[in-house]
2 protein chains.
Amino acid sequence: MAQLNNVTPLFKDLAKVEHEHNIACKECSLYRLCLPLGLHSNDLAQLDKIIKRSQSYSRGQALFSSDTPFKSIFVVRSGSFKTTVQASDGREQVTGFYFPGEFIGMDAIYEQAYKSSAKALESSSVCELPFEKLQEFGATMPQLQVQMMSRLSKELSGDKTLMFLLGKKTAEEKLATFLLSLSRRFQDRGFSARDFQLTMSRGDIANHLGLAVETVSRMFTRFQDEGLISLQGKAISLTDQDKLKQLCG
Amino acid sequence: MAQLNNVTPLFKDLAKVEHEHNIACKECSLYRLCLPLGLHSNDLAQLDKIIKRSQSYSRGQALFSSDTPFKSIFVVRSGSFKTTVQASDGREQVTGFYFPGEFIGMDAIYEQAYKSSAKALESSSVCELPFEKLQEFGATMPQLQVQMMSRLSKELSGDKTLMFLLGKKTAEEKLATFLLSLSRRFQDRGFSARDFQLTMSRGDIANHLGLAVETVSRMFTRFQDEGLISLQGKAISLTDQDKLKQLCG
DNA sequence: AACGCGCATTGACCTGGATCAATTATCAGT
DNA sequence: ACTGATAATTGATCCAGGTCAATGCGCGTT
């Protein structure tokens, strides 16, 4: 696991990465964040063969929805996605945002059916992992199973944190927490923790945090007035991360 | 998997089950709901050996908390538990209630540390599964890994549903949904879907649903006035399940 | 450059559920 | 059976954040 200490810039050239659809796992800039971490190189080569590296999805396009038959889980390769669950009356909840190296669709394993849907927030691409094959491989690659469980557990843990946020935090705390969560994830991917793009709409943010769009908008202007952030359109800059951290509770 | 079709009463004698701490998995009344489902009998025998069948926990006693070193995941054997996450300022969120056959502690796998804590709601007992051993066994029992992933995924899926509840539902919808969720789980365990005990306090319910105790109390009295439920203390009876279902949204 | 459209902001007002406060049950321990 | 502590109910009031409405902005299209 020496790679973990060997932190290098992940995206020397984002545009280049976006077009290298058929790059092998071991050459992939996301390797450090991704499923194959810890696999032996011959196992990795096998895994490589079953991964379908998809063409890109454009803004708003669905990766899957609740009526898509379950076959695969996905890893974001470039861009970003949102997942939602919806009730029969049309209400929907944005359950998460997903960035490169993050997994989508793991909640479908149990029922062997997607009960949520996933949409691209911008021009994005994914690696598709056929679940049945993944299961087969698991029998001979215990390390792969460990990685999968670890991923599942990580998401579970994140969901508990979100439940706390939804159930107990104020609008101010929710938004501060959200911004710092994005920041941390961008940083993990070799981007700036301070300046980044909000690829999702205000509406998506509000929905995800259990707030109204207007509240998010007002809170953004307040954070700006107080010098915590600077915002133009979708570009945000966290100008006072320490104070933001204090607001999280 | 013929067992799935062979539904028999699970708890002929609850008191008896509670005291049979060392009953083997294949004799256990929870077998149908539990991890070993689908394992070959010699694998099962092996698994049996590593399971620690604990003495019982009394009301309020902690199964683990965030400072307990992570070693095991747990399956409820009898009774019930709640799990909570808490912030440094003392606020806490009840993230779930757990009944016989349900797993506790899976969100700790990723960080190899419990970030939540679990407390018994009544006199209860668990089966303790040492995680390291479970990993070892996984290498030779792919079916066990499948079961584990399936469990993790199930909880993930439930969490998404809860996020919707917390983010989008009204107090009325929250409570109706909660009661029916309990009802369904009791039914799965061979108990009445109509009459059961609320082993958790009103405070726990309120906290879990992102409400104030007073709101839960008022809603309970309203549901009673409208003839949807009948409540005395912790004993509840869902007298109009259909109408409750309509209230869920 | 003018148009159209969805997204975002801002203001005014309203309300579901929180908070505060006061009883009243429940129940565990002696 | 008594008793103190804790949990639950009920009522009165308040407010964070939702809803409604109007306007403004950015951006892709022709």
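Side chains included, hydrogens not; waters and symmetry mates left out as well; all remaining heavy atoms used. Here is how names work: the chains are called A, B, and so on, in the same order as the sequence lines, proteins then strands, and each is numbered from 1. This structure is a prediction, so every number in the text was calculated from the model and none was measured.
The ring pair (Phe, Tyr, Trp, His ring centres under 6.0 Å) test with B:Phe70 is passed by exactly one of B:Tyr114, B:Tyr110, B:Phe64: B:Tyr114.
Atom CG of B:Leu166 is separated from atom C1' of C:dG16 by 16 Å (rounded to the nearest Å). The separation between A:Phe223 atom CZ and C:dT9 atom P is 13 Å, rounded to whole Å. Atom pair B:Gln232:CD and C:dC27:P shows a separation of 11 Å (rounding to whole Å applied). Atom CG in B:Leu175 sits roughly 11 Å away from atom P in C:dG17 (whole-Å rounding). Here the P atom of nucleotide C:dT9 and the CG atom of A:Leu198 are 10 Å apart, to the nearest Å. The CG atom of B:Asn207 sits 12 Å away from the P atom of C:dT19 (whole-angstrom rounding). When rounded to the nearest whole Å, the span between CG of A:Asp204 and P of C:dG6 equals 16 Å. The nearest whole Å value for the distance from the CE atom in A:Met200 to the P atom in C:dA8 is 11 Å.
In this model, no donor atom of one side chain and acceptor atom of the other lie less than 3.5 Å apart for B:Ser153 and A:Asp107. For the residue pair B:Thr239/B:Ser230, the side-chain donor-acceptor check at 3.5 Å is not satisfied. At a cut-off of 3.5 Å, with distance as the only test, a side-chain donor of B:Thr84 or B:Ser117 sits close to an acceptor on the other residue.
Within the 4.5 Å cutoff, side-chain heavy atoms of A:Ser56 are placed close to those of A:Ser123.
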Table of protein N/O atoms under 3.5 Å from nucleotides 1-7 of chain D N/O atoms:
none

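Residues satisfying the side-chain hydrogen bond (donor to acceptor under 3.5 Å, both in side chains) test with A:Asp225, not counting sequence neighbours, are none. Scanning for side chain to side chain contact (heavy atoms under 4.5 Å, CB included) contacts around B:Thr170 gives B:Glu172, B:Glu173, with sequence neighbours left out. The side chain to side chain contact (heavy atoms under 4.5 Å, CB included) search around A:Ser181 returns A:Arg185, not counting sequence neighbours.
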Between side-chain atoms of residues 242-249 of chain B and protein atoms elsewhere (two or more places apart, or another chain), which donor-acceptor pairs fall under 3.5 Å?
none

(request) Spell out protein contact along nucleotides 11-30 of chain D as letters: B when the base is contacted, S when just the sugar-phosphate is, - when no protein heavy atom is under 4.0 Å; keep the 5' to 3' order. (result) BB----SSBB----------
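Taking 4.0 angstrom as the limit, B:Ser217 places none of its side-chain polar atoms (N or O) nearer than this to OP1 or OP2 of D:dT10.
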